[in-house]
Structure formats: structure tokens, C-alpha cells
Amino acid sequence: MAEISSTLLYSAFIIYLFSTLFFAMSISDKKGKDAVHTKKWGKIGFISSCVGFAAQLGYFITRWMASGHAPVSNLFEFTTFFGMMMVLAFIILYTIYRTNGLGVFAMPIAVLVIAYASMFPRDISPLIPALQSDWLKIHVTTAALGEGILAISFVSGLIYLIRTVDQTVSSKKTLWLEIILYSLIAVVGFIFVSIGFKGVGYESTFEMMDDNNQAVKVVYDMPAISGPSNGEQLDGSFGPLFSTPSWMNGVDASIKLNTFIWSLVAGAVLYGLLRLILRKRIAAALQTKVKMNPDLLDEISYRAVAIGFPIFTLGALIFAMIWAQQAWSRFWGWDPKEVWALITFLFYAAFLHLRLSRGWHGEKSAWLCVLGFWIITFNLIAVNLVLVGLHSYA
Amino acid sequence: MMQKITCECGHSNPYGTSLCQACGKPLKQDVEVLSSMRYEGSARRSQTYKQTFVDKTWNFFSSVKVGVWLIVIILVAAAIGTIFPQETFIPPNVDPATHYESEYGTFGLIYYLLGFHNLYGSWWFILLLGMLGLSIIIASLDRGIPLYKALKTQRVTRHDQFMKNQRLFSKSNDVELDEIKYTLESLRYKVREENGNLFAEKGRFSRWGAYVNHVGLIIFLTGAMLRFFPGMYVDDILWVREGEKASIPGTSTEDGQYYLENNDFILEMYDKEEKKFNSALSSVDGEVAKNYQSNVTLYKTKENHTIGAEPELVKVKNGEIRVNEPFKFDSFALYQTDFKLNEFYKMSFELEEKATGNKFGKLTVDLHDPKKEYDLGDGYKVKIEEYFPNFVLNDQNQPSTVNNLPDNPAFVFSMYSPKTPDGEKAFVGIQKNIDSGENQFKMSFAGIETKDLTALTVRKDHTLWIIALGGIIFMIGVTQGLYWNYRRIWIKQNAGEVWAAAHTNKNWYGLKKDVEFLSDKTNLTPLEEKETASK
């Protein structure tokens, strides 16, 4: 069952990639481009994204059957599910607005999320007592669905910015837009270096003192740029260029920082290559391909927030509070993950007030959608991996 | 009271109104119709009175700008609070004053000095939340009530200026009014007719969404505040040893006090051999917990229980407490929170003559309730002169105890025998047995009994239902406001022409589809969008 599950996830991944391609075909401006062409490839793109979603749903169900609990219990499972909810959110919004261009960006970002998830341990793990509750599936799935829909508002906002930011002059806006695109590319970089170093079986071992002053071995699977604080390398591999600051907590802190640096470096290399090939800003290159109506993009990003916000609130705050009351005897405890869910809630609440009462439409609104997604991914990644707390999977 | 403004349509509007409640005519020179539509051009207190201190306070809190700033400040403060662990999450026996600096350096020290280690309970954070609450109340009253009046009073026939200035507008000739009415009704609009003019509306209730969800938030915040009142809230921890009964803190009422017996504490681990989880379990050091469980019996004292007397307990019920499965009785709940395995419970010693190795009786010390003296018969006895449950040498190098938990018990014994009637002293602890060197007798270790303990959180929370109610109302309001929208279409006969205008508070895409459908099905000229309006 577990093998079937993995195969289905892999298939979904490939189908999503094809779906991206089909959507790209539909908006390509090759000869013979007309309404029929757009409609045909758009339809194929949409159908393939639905098929991919069905395959991933199959992965989800079979993994559930294999493990005996809803597969949303560790970072791999949750992040994969988040990617799946992004696809679902895209499908919902596509049925309303029928915009192929949205698929060109939404599908690859979902693919990126799933690929990122796959870099974490994929073993089926047992549930610790705190997770043994029906609220695990209720809380996590609803929260992920809300976040998936909010992610579509980011996608739409991003396309809006690519479409409208003036690329004839270099400005703060063009810089920030490049930074956003670079961070997406850095995720690709992370995946490349992870697979690459795993492929060659790289390993380097350090010895360091942990918090209780016990000597522990720390194994790097990427060349050490940042070594452990007070660590000593036990082999002759590529030496650390500097030590991780000691305030970064935990035995694995230096490994995480090291991986992060490698991702940024790999991302920079990829970004540089793209710039060399394109000979202009990436956003400027994309701008020539994106012909969507900005008003419609604005509408979609706002609609996604309007649909996603209540679902997010229900899943990430209300269901979370009910479960917390049951498991930890208090519905709220200012745990970092809780706080960041509240921050996400407050952010989108501010967004809605600015939009409804102060008329923040168009570009301002699009920047906010990007910032909102940054908060969501921060909560997804940094809070689990960096800040310690009850939700820490690492 | 300021004077009312009577519109040319005859309707009398409250002072400060910018669009007539009935016909929508701009009542002042410089009123921009479309931007006034957000609150129907109604007379909001904050836009009308700006003189006194009360006015100014009201206007401050009614401003959405101020509200958004409050949200942003709270958001940033909340984020700062997650940089380092809050005081409640640091180890219990460290001094925060030094902990933050030693763990996180200078930045940690600054964090501590600014009080960010206890951010969410700080007066200024609570004050910010209070201000946000006030802002929610005032902003809702300032807008909600006049908006309600305006929407209730609105008429079918609208003023020309009102019509012309809508974002979607068109003029047509030769239109079949019945056809329009029929089409609008097929789109599930509620259509009213007056003098050959039409007014179609859909989803008016969604305009109340914002106010409903704000009411929910206020109820929620009130509930959260109520826990500071005595009696609403109990939060205690209860440690019980296996086989023992303990009174449950906070559960004393007129008709008795609850007691809990810990029959058994169960700790289960996942089997590493289990095939399903094999690869995950083999990659972690140590074991992974499967279940923490306390099997308990609840007792209650008889009604006429006098405090201090030995309680007469009546069994109430048995129960099993697991993580995620609290044990409930009355308005209380007990949660599996912590445990301690193999706590020292009883220690046994034998009185031994050093020279011969002969033993003269055994004594067992209850580490929680040691006796002063143990008579071993035949003139042999042992006194406990001093007892240190959790032994440590203090700053002055004197023996003392950390706390009352017998984690590292140590004793000063006096041993008496017919040979040594004056007694000999010895200091005995774990792996320690110290005397002056001239003693004839010693206390030899003869075994230890241990017990498991369970820790349960005792919780009573009378505010929960208020908080739940607030949450439900918030969800209703937010759904109502965001999943529906208020669409309006006006059709007006005007000197041989038919004017059409449309407005919605959100989702213009949906409204445009409606009016496109309308102009497709009828002779109505398609409504056109004003370019400036969308910006």
C-alpha cells in the first residue's frame, strides 16, 4: 500500500508538470494563436490538473490506509497536503474565472511545494499521544485548505505585479519583484543541491557539545559552509568557512543554516544563469508572455482571500483552539505556531480592511498578497524548523 | 440636535447625511457619489461631529486607519514575542534575568530588559488588545447603525445624479420593463417597482456580515477577559502517586471536596519491530511514546465534612485519562499532563554492627512521611535527627534540601543499642555513609521501593461557552460578509429614456456577469464601466 501511495504521488507530480506545460501552451503567442487554440490547451491543462489532483488524492487515501492515520502528521505529509490544497484552490478558482494564465504560475508553484516536501523524511511515522485525536485531521486539513486558497491570492497577485510593474526602468519595485522570483528559484536550488549531494552520498561528521554538555556527532550531508558552534570536524572533507552563531539553538541548527546557505547559493547560480540567457530581468521576460487583464487578476487575488480567510480562521484558529483545549487543557498558550497563525489572521484582516474601507486595490493589494504568502510560508517552514515549540516536527 | 436635511424628494435626512437616504441625491456640493456608497452616504457621527474631546476620541477609534494600525502593531509585537521563547517556555528552575543573556547573548539581554520575555501578558500588550476591542465597537457603531437606516429607507426611484455616477451605467430606448423584471427575478433578485421604475437587490444581509463578525469578536474578547474574575477559572496541577488518594485543588464546594485515587499509571511505547513504522522508528534514538494513561477513581467527601477531620470518602466513578481524552466531572476536567516514573517511595535500612556484621532489625522509612523514631526492640532503636529529601550542599557547604521531593534522600541517623546507650550519629545518603570513624554501628542499605506518579491538570473554565459563542458568531459574520455580496440594479424611466445603473459592495466580476446577462436577454443597452471608478 505504501508503494502504491508513493507511485501515485510521483504520478501526480509529473501530471502537474505537464499541466503547467499545457497551460503555458494555451497562452503562448505562437502563430495560429486564436480563441480555439487557447480554449483547447486551457481545457487540456485544466483536465490534467484535475487528473493530477485525483492521483494525489489517491496518494493521500492509500497512505492513510497504510499508516492508519491521516497523513498530515509530519513535515513531509503536511507540506505535500498543502501543495495538494493549492491545486484544489486553483481548480476552484479556475472554475469561476477560467483563466489559463493563473495555471501557468499556480501549478509550478504547487509542484515546487510538493518537491520541497519530498526533501523531508518520508517514512510513515507513528503518532505520539498528543497527535492521537480526530482533531488532527480536522484542524490540519482545514488550515491547509485555507492556506492553499490564500496561496492562490499570492499567485494572482504575483502575476499582477509581473504584468503591471514598469520594467523599462530599474526601481525598488522591480528589485523586490526579482527578489520574490529569486526566492522561488532558491527553492528549486534547495531541491537540486539536496538531490545532488544525496546522489553522490556526501557525508561529513562533526563532534560538538550539545546543550547538556554531552559530546554528540553531527552528520552533514552537504559540504559544511557553516560548521557547528564549538564543533570539530572528524574527517578531511571540505571544511567549514565559519561557525554557526551559538544562539541558534539545537544540535541541528548548524545543519539547517548550512542547507539554507546552499539553497541561496544554488538559487543565485540558477538565477544568474537565467539572467544570462534572458539578458533582462526575469520579471521583464515574463511580462512579455503575460497578457492577462490586471483587473481580473486583482479580482481573483481578492476573491481568493475572501474565500480563504474564513476557512483559514476556522481551521488554523478555531479548530486549533478546540483541539488545544482538549489536548493541552488550554485553547490558547502563545506557542509560536499559534502566534504565527494569529499573525496570519491579523494580516489578512488588515488586508480586508484596507481593501474594503480604504480602497487598496490593484498594485498595493497585490504586494500585500505576496507578503501574506511570505507569512504563511514562514509559519510553515521557519516556525517548525527554527523556532521551538509544541508544533516543532524537527 | 442639529437640524435635519430635507431632500427635494421629500425625505428628511439626519444632519450630516451626504446622500439622501431615500433617493440618493447628493445633499452637498462636493459629494462624490461612488466613494460615498461605501456607507451609503449616511450620517456617521465621526464624519459629522468633530469638536469636543468625546467627538475626537470617538473619531479616533472609529477610524479604520487607526484600526489597521492597531492590528499591525499587535501583529508586529506578537511576532517579536516568538523570536526567543517566552518566560513560560524556559526551564522552570532558571532565573530569566540571566537565562536570556547566557543563552542568546546581548540581544537576549535586551530582549529580557525590554520585557519581551513576558510579552503577551504585559500591560501594554493587553492595552493594545483593549484598544483594538474599543476600535471594533466604535467603528461598528459609527458605520453599522446609519448604514442600517439608509438601506432600510432606500427608495426604488433614485435621483438622476445618483444613477449617472454609478460605476456601471447605461441609457437605452424601447425597453420592455416586464422583461427586465422577469430576467432579474430569474437571477434571484428581489425586485420592487414604483412608478415604472425598478429596484432589484440581492444579498442585502451580506452587508451585516462585518458587524456580525465584530460582535462575535467582542464576545470572544469579553470571554477571554472574564477569566481574570475569581470563580470563573481554575488551573492547577495535581501530582498523585500510584495507589494514593489526593484532594483535587479548586474542587471544594459546599457539598464536599473531590479526591482522586491513582490506581495505575501506564506508559506504552511503540514496538520498534512493528512493520508499519519500522523505518521511522529505527531512525530515531530511544523510543517513541504511544500512550500516557492514568486509571483513576474519583471520590467525594460526605456533605457534612468538616475541614481537618479525616475525610469520609464516597466513590463517584472510575475513569481513564489519556492525552486528548480528559476526565470530566461537574464543571471540571482533568488532563494527562506529565508523569514521573520510579520516584523513591520507601527506603529500608538495617542496623548493623560493624565489627561482626550482625544485624539488629530492619526499618523502612516512608520518604514522604518519615517517623522520628524507629524502635527495633531489645534496646535497639534508630532516630532520624535530620532528613533532606533532595539533598544538596548549599553555598555555606552545609547540607540542605532543594525541595520536598525525595529525589536524593539523605538522613542524619542516631543509632542506639545496649552497647551505645548515648547513641552514635551517622550521615547516610545515596552512595554515602559518613560517620566520625569511631562508630560501632552503621545503617546498611536494605532496599528501596519506588512508585510512579501522574501529573494531571485540573481545569474549570466557565468562560469557554462565551468564547465558543463568540467564535461561532464571528464565523457566521465573516462567511456572510465574504461569501455573499450586496448587488443592486436600478432601472429608471427618464424623459423617454431608460436609465440603468448597478452597484455592488464587492465581487464586481459577478455583478458584471449579471448585467451582461440582463442586457443579452433584453433590449437594455449594455452597462458600461467608468474608467476612473476602478482605480
Side-chain angles (χ1 to χ4, degrees), chain A residues 66-68 96-97 121 123-130 132-133 135 245-247 249 295-296 299 302-303 306-307 309-310 313-314 317-318 321-323 325-336 339-340 342-343 346-347 349-350 352-354 356-359 361-362 383 387-389, chain B residues 35 38 64-65 67-68 71-72 74-75 78-79 81-83 85-86 88-89 103-105 107-108 119-120 210 224 235 270 274 276-277 279-281 283 288-292 322-326 333 335-337 457 459 461 464 467 471 474-475 478-479 482-483 505-509 534-535:
Chain A
S67 68
I96 302 175
Y97 294 103
D123 301 324
I124 292 180
S125 45
L127 294 183
I128 57 165
Q132 295 166 11
S133 167
W135 288 103
S246 59
W247 54 264
N249 256 334
D295 284 344
L296 184 63
E299 178 78 31
Y302 169 54
R303 196 75 187 279
I307 299 173
F309 179 72
T313 310
L314 188 67
L317 290 171
I318 294 188
M321 286 191 223
I322 297 173
W323 188 14
Q325 180 70 33
Q326 202 178 73
W328 298 320
S329 81
R330 84 291 180 286
F331 61 88
W332 192 260
W334 297 106
D335 173 73
V339 175
W340 277 91
L342 176 68
I343 289 172
L346 288 173
F347 178 84
L352 289 168
H353 282 93
L354 288 170
L356 295 173
S357 287
R358 301 203 62 83
H361 290 246
V383 174
L387 304 175
V388 284
Chain B
S35 61
R38 196 166 288 146
V64 170
K65 201 172 174 179
V68 169
I71 292 175
V72 170
I74 291 169
L75 184 159
T82 63
I83 297 176
Q86 290 289 296
T88 44
F89 295 121
E103 280 285 305
Y104 311 108
F107 197 52
L119 190 146
Y120 307 115
D235 177 16
Y270 281 101
E274 202 172 329
K276 198 159 60 171
F277 302 129
S279 60
L281 288 173
S283 65
V288 176
K290 187 179 187 178
N291 185 26
Y292 305 117
R322 288 181 207 91
V323 179
N324 274 307
E325 289 171 45
Y335 297 83
Q336 183 68 54
T337 302
T457 297
R459 198 58 89 128
D461 197 342
L464 281 183
I467 285 166
F474 175 81
M475 280 313 300
V478 87
T479 312
L482 290 176
Y483 286 19
N505 61 331
K506 55 173 83 82
N507 190 7
W508 286 88
Y509 177 82
S534 66
K535 293 290 169 270

Which atoms of [X] are under 4.5 Å from chain B, going by heavy atoms: the side chain, the backbone, both sets, or neither?
| X | answer |
| --- | --- |
| A:Phe309 | side chain |
| A:Gln132 | both |
| A:Pro121 | neither |
| A:Phe347 | both |
| A:Leu352 | side chain |
| A:Leu296 | side chain |
| A:Ile318 | side chain |
| A:Arg358 | both |

Subject >> Backbone N/O of A:Gly333 and side chain of B:Tyr120: donor-acceptor pair under 3.5 Å >> reply: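 Side chain of B:Tyr120 to backbone of A:Gly333: no pair is present.
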Original post:
Between the main-chain N or O of A:Phe331 and the side-chain N or O of A:Gln325, is there a donor-acceptor pair closer than 3.5 Å?
Top reply: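 Yes.
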Subject >> Those residues that, when tested against B:Asp461, pass salt bridge (Lys or Arg N to Asp or Glu O under 4.0 Å) (two or more places apart) >> reply: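 Partners of B:Asp461 by the salt bridge (Lys or Arg N to Asp or Glu O under 4.0 Å) criterion, ordered by chain and then number, come out as B:Arg227.
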Subject >> For B:Arg38, salt bridge (Lys or Arg N to Asp or Glu O under 4.0 Å) partners two or more places apart >> reply: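 Testing B:Arg38 for salt bridge (Lys or Arg N to Asp or Glu O under 4.0 Å), a comparison that skips the adjacent residues, returns none.
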Any idea which heavy atoms bring [X] and [Y] closest together, and the distance?
| X | Y | result |
| --- | --- | --- |
| A:Ile124 | A:Ser67 | CG2-CB, 3.2 Å |
| B:Ala333 | B:Pro326 | CB-CB, 4.4 Å |
| A:Trp323 | A:Ala130 | CZ2-O, 3.3 Å |

Original post:
Any side-chain heavy-atom pair from A:Trp334 and B:Thr88 closer than 4.5 angstrom?
Top reply: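 Result no, sub-4.5 Å side-chain heavy-atom pair not found.
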Original post:
Would you call A:Leu342 and A:Trp332 a side-chain contact if the rule is heavy atoms closer than 4.5 Å?
Top reply: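 A side-chain contact under 4.5 Å exists here.
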Original post:
When you check the side-chain N and O atoms of A:Tyr97 and A:Arg303, is any donor under 3.5 Å from an acceptor?
Top reply: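 Note: A:Tyr97 and A:Arg303 side chains meet the donor-acceptor criterion.
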Original post:
For atom OH of B:Tyr483, is the number of surrounding heavy atoms from other residues, nucleotides or ligands below 6.0 Å larger than 12?
Top reply: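 Enclosed.
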For the interface with chain A, which of [options] has the highest count of heavy-atom pairs at distances below 4.5 Å?
| options | answer |
| --- | --- |
| B:Val478, B:Asn291, B:Asn507 | B:Asn507 |
| B:Thr457, B:Leu482, B:Asn324 | B:Asn324 |
| B:Ile467, B:Asn505, B:Thr479 | B:Ile467 |

What option among [options] has the most heavy-atom pairs under 4.5 Å with chain B?
| options | result |
| --- | --- |
| A:Gly68, A:Gly362, A:Ala66 | A:Ala66 |
| A:Asp123, A:Ile96, A:Leu127, A:Thr313 | A:Asp123 |
| A:Ala349, A:Ser125, A:Ser329 | A:Ser329 |

Side chain, backbone, both or neither of [X] within contact of chain A (heavy atoms, under 4.5 Å):
| X | result |
| --- | --- |
| B:Tyr509 | both |
| B:Leu464 | side chain |
| B:Phe277 | both |
| B:Phe474 | side chain |

